[in-house]
Amino acid sequence: MILERDGSRDPGTIEDGLLVVETERFHGPLDLLLHLIRTQDIDIFDIPIARITRQFLTAIEELHDGDVDEAGEFLEMAATLVRIKARMLLPGPADDEDHDPRAELVRRLLEYEQIREIASRLRSAEDDRGRRFGKGFVQPRSRPALMDAPLTVTWEDVFAAALAIEAPVEREREHRVETRPVSMREKVDLIVAAVTQRRRIEFAKLIAPWKERIHGVMTFLAGLELGRRRVVTLRQTEPFSPLWIYRGPNAGIGSADPSADDEALR
Amino acid sequence: MNDASIVEAILFASDAPLAAGDIVRADEALDEDRVEAALTALRDEYDRSGRAFELRQVADGYQLITRPEFAPYLERFDTVPRTSRLSGPALEALAIVAYRQPISRVEVEYIRGVNSTGVIRTLLDRGLIEAVGRGEGVGRPVLYGTTGRFMEHFGFASLDDLPRPEELPVVLRDGAPLAGEADAEG
Amino acid sequence: MNDASIVEAILFASDAPLAAGDIVRADEALDEDRVEAALTALRDEYDRSGRAFELRQVADGYQLITRPEFAPYLERFDTVPRTSRLSGPALEALAIVAYRQPISRVEVEYIRGVNSTGVIRTLLDRGLIEAVGRGEGVGRPVLYGTTGRFMEHFGFASLDDLPRPEELPVVLRDGAPLAGEADAEG
């Protein structure tokens with residue numbers, strides 16, 4: 001998933017008005033978001049969240065073979081974008097200049113962009129340094145009598161080193177977890193089928209059969225999209241209480257035309 | 001045996017940069033001023049006599065190092081050891097540690113937006129960063145900072161050689177360099 | 001770029017002796033005669049200008065090496081370590097030995113995920129750890145533990161005094177299984 005960015009290739013191409021992005025070329029969700037913003041000359045202080053979210057989701061839908069952890073980071077960002085989008089649609093006391101729901105994201109993007117710039121400066125410094133070579137052969141010397149040498153190490157130093165040690169099993173787990181790709185489409189069908197059968201269903205039930213987070217996020221995103229199209233209605237009485245999905249006023253409309261669905265889901 | 005010859009012998013036989021304070025240990029007669037004078041004399045002499053190597057200051061030490069114009073010849077030899085380049089993600093994490101040190105892994109991950117356990121491990125193994133203390137808060141996370149090896153890897157004589165945030169094309173709206181308020185809760 | 005400079009750069013940066021036949025590879029324009037001429041010129045120049053190093057011919061070829069009369073300075077120099085601190089990797093290895101003793105090198109390597117021969121050597125040289133016995137299994141590996149000097153330096157009366165064991169990562173806790181044992185010794 002994390003491959004070298006290669007400056008000589010343009011990682012995104014415009015096709016049929018949609019931005020097609022190979023997510024493998026990006027170091028993470030921030031990298032991808034920045035790319036979408038910068039290649040389209042978007043004002044970073046006034047990001048069209050709906051458009052960017054759509055493009056971002058399109059890009060990560062192509063995330064089929066990535067490992068789950070990596071996909072999770074992109075999906076987490078997708079959820080953040082959707083949350084911002086939702087918050088911008090809601091009128092409320094928080095909806096003013098100082099509380100632009102996009103502010104924290106913009107701050108992170110700019111900070112990340114700056115880091116990326118610094119990293120590229122470091123790369124040039126590394127290249128310059130790489131053209132200079134130190135002494136190759138060094139004469140063998142007698143071992144220093146370290147036993148008599150002063151030692152200023154404190155126990156805090158040693159203890160800090162102890163705390164930094166990570167469990168070796170984590171590092172050993174190099175095998176990749178193969179997961180079946182999870183598409184929004186399949187989650188849309190799942191939700192539509194469920195509310196057609198019984199008017200309402202609890203969100204938790206829909207995701208219960210899978211333990212991978214990606215199913216939860218994709219189901220949630222599918223629910224939001226269907227909610228936007230009023231195929232379903234989402235209800236939650238209070239924060240953290242169960243989320244219910246109800247059959248909506250537009251249920252049955254549009255799902256008859258799969259191509260329209262695909263279009264809407266891009 | 002003059003000072004410059006002794007200093008030259010020591011730099012020549014060392015595989016790592018040495019500070020003037022280290023070099024004085026070679027002989028009781030030496031002190032840091034004399035070592036500094038010898039270093040200056042050597043630097044001038046290498047430049048004047050067209051040596052293929054030069055005396056370079058790195059971090060708080062000195063080392064002999066070939067001049068860059070010889071790189072095309074040297075790259076043809078297997079017996080000339082080369083340092084490997086860092087991956088893009090590792091450079092990104094290293095840039096964050098360099099500018100925000102001391103910083104925890106979780107903070108690095110928040111800024112990058114991705115898990116950074118692997119790259120931090122790589123940077124530690126290569127001696128480019130080290131644990132420098134522990135932070136406040138839950139779990140008292142280990143904080144990392146850059147090392148002398150970091151300076152050497154990039155050929156920096158001091159931290160002032162790092163590009164300054166204000167000279168970068170990208171700045172935050174209020175011009176604040178890398179605001180430190182990032183909460184690391186992700 | 002004259003021949004002598006190129007040859008000097010290569011001999012300086014190479015970690016093994018090179019024959020004239022090897023050195024010609026540096027540039028298509030070179031041939032063995034020109035390399036030999038450059039070598040002679042360098043040898044004379046080093047002698048005349050009183051360099052602390054010389055061009056020496058050994059069995060496999062040519063090498064730059066400090067002149068024997070500087071050996072006393074280098075030796076003196078060698079007896080004094082460059083730093084009174086321990087490197088990050090050495091601290092890590094010391095922490096592992098302290099909490100998991102007696103422990104073999106292979107087990108330390110399993111926990112750290114990297115080769116630890118060098119750091120264990122350093123800790124032995126520093127007198128902070130010592131061989132305390134031999135383990136079971138293939139090769140009956142040497143087991144290491146901390147020394148009296150270690151206790152004295154950090155001010156512990158007994159190993160039970162090692163502070164805050166409850167904060168340690170699981171792998172360092174007393175009795176936590178060292179899963180590496182089977183692999184390492186099998």
Side-chain angles (χ1 to χ4, degrees), chain A residues 1-6 26-33 44-45 69-70 72-74 76-77 104 106-139 141 156-157 159-161 163-166 170-171, chain B residues 11-15 53 56 63-71 74 79-83 85-89 91-92 94-96 98-99 110-115 117-118 121 124 131-134 140 142 152-156 161-163 165 168-173 177-179 182 186:
Chain A
M1 187 64 197
I2 301 181
L3 297 184
E4 287 289 318
R5 270 176 81 91
D6 184 340
F26 295 91
H27 293 171
L30 289 170
D31 204 15
L32 171 56
L33 261 186
I44 196 157
F45 295 112
D69 285 350
E70 197 73 34
E73 286 153 354
F74 282 86
E76 226 168 81
M77 178 58 74
E104 169 63 6
V106 170
R107 195 196 62 73
R108 287 186 67 187
L109 282 169
L110 286 172
E111 182 174 61
Y112 179 72
E113 190 167 40
Q114 198 175 39
I115 286 298
R116 219 171 56 178
E117 177 64 26
I118 291 166
S120 90
R121 303 287 180 100
L122 288 180
R123 174 70 82 204
S124 336
E126 185 182 51
D127 288 344
D128 285 348
R129 178 62 183 80
R131 282 190 282 277
R132 299 160 175 277
F133 297 81
K135 192 68 175 40
F137 172 74
V138 175
Q139 286 145 269
R141 293 178 275 170
E156 278 307 304
D157 299 332
F159 198 66
L163 289 160
I165 290 166
E166 284 161 36
E170 286 302 313
R171 290 196 302 268
Chain B
L11 288 176
F12 202 82
S14 171
D15 50 5
F53 52 86
R56 252 213 157 189
Q63 80 187 140
L64 299 179
I65 196 166
T66 60
R67 297 178 199 268
E69 54 266 38
F70 294 95
L74 294 172
T79 58
V80 173
R82 219 158 313 175
T83 51
R85 283 160 47 114
L86 292 167
S87 72
L91 264 185
E92 242 178 55
L94 188 55
I96 294 168
Y99 281 82
Y110 183 70
I111 295 173
R112 292 191 60 224
V114 289
N115 181 296
T117 313
R121 185 86 224 166
L124 284 168
V132 294
R134 316 196 64 219
R140 303 209 59 218
V142 175
E152 199 190 334
H153 184 84
F154 295 100
F156 295 144
D161 287 351
L162 283 167
L168 298 174
V170 186
V171 286
L172 301 182
R173 182 156 45 174
L178 294 183

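Below, chain A is the first sequence line, B the second, and so on; all start at residue 1.
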Interface check, chain A: of Leu94(B), Ile65(B), Val142(B), most non-hydrogen pairs under 4.5 Å belong to Ile65(B)
#### Entry: Top of Gln63(B), Arg82(B), Arg67(B), His153(B) for chain A proximity - count of heavy-atom pairs under 4.5 angstrom
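Most pairs with chain A among the choices: His153(B).
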If you round to the nearest 0.5 Å, how far is [atom2] of [Y] from [atom1] of [X]?
| X | Y | atom1 | atom2 | value |
| --- | --- | --- | --- | --- |
| Phe137(A) | Phe12(B) | CZ | CZ | 10.0 Å |
| Glu92(B) | Arg123(A) | CD | CZ | 10.5 Å |
| Glu111(A) | Ile111(B) | CD | CD1 | 4.0 Å |
| Ile115(A) | Leu91(B) | CD1 | CG | 11.5 Å |
| Glu166(A) | Thr117(B) | CD | OG1 | 6.0 Å |

Say whether, by atom type as modelled, one donor and one acceptor occur between the side chain of Glu126(A) and the main chain of Leu86(B) under 3.5 angstrom.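 Answer holds: yes.
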| task | Give a yes or no answer on whether the side chain of Arg85(B) reaches the backbone of Asp127(A) with a donor-acceptor pair at less than 3.5 Å. | result |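 The answer is no, because no donor-acceptor pair under 3.5 Å joins these two groups.
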What part of [X] lies closer than 4.5 angstrom to a heavy atom of chain A: side chain, backbone, both or neither?
| X | value |
| --- | --- |
| Leu124(B) | neither |
| Phe156(B) | side chain |
| Arg56(B) | side chain |
| Ile96(B) | both |
| Arg134(B) | side chain |

Locate the shortest heavy-atom distance separating [X] from [Y]; write the atom from each residue and the value.
| X | Y | answer |
| --- | --- | --- |
| Lys135(A) | Ser14(B) | CB-O, 4.2 Å |
| Pro29(A) | Val114(B) | CD-CG1, 3.6 Å |
| Ala95(B) | Ile118(A) | CB-CG2, 3.7 Å |
| Phe154(B) | Arg129(A) | C-CB, 4.0 Å |

Tell me, do Phe53(B) and Arg132(A) make a side-chain contact under 4.5 Å, heavy atoms counted?
-> no
Turns out that what part of Ala164(A) lies under 4.5 Å from chain B's heavy atoms comes down to both
Quiz item: Side chain, backbone, both or neither: which part of Asp128(A) has a non-hydrogen atom closer than 4.5 Å to chain B?
Solution: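 Interface part for Asp128(A): neither.
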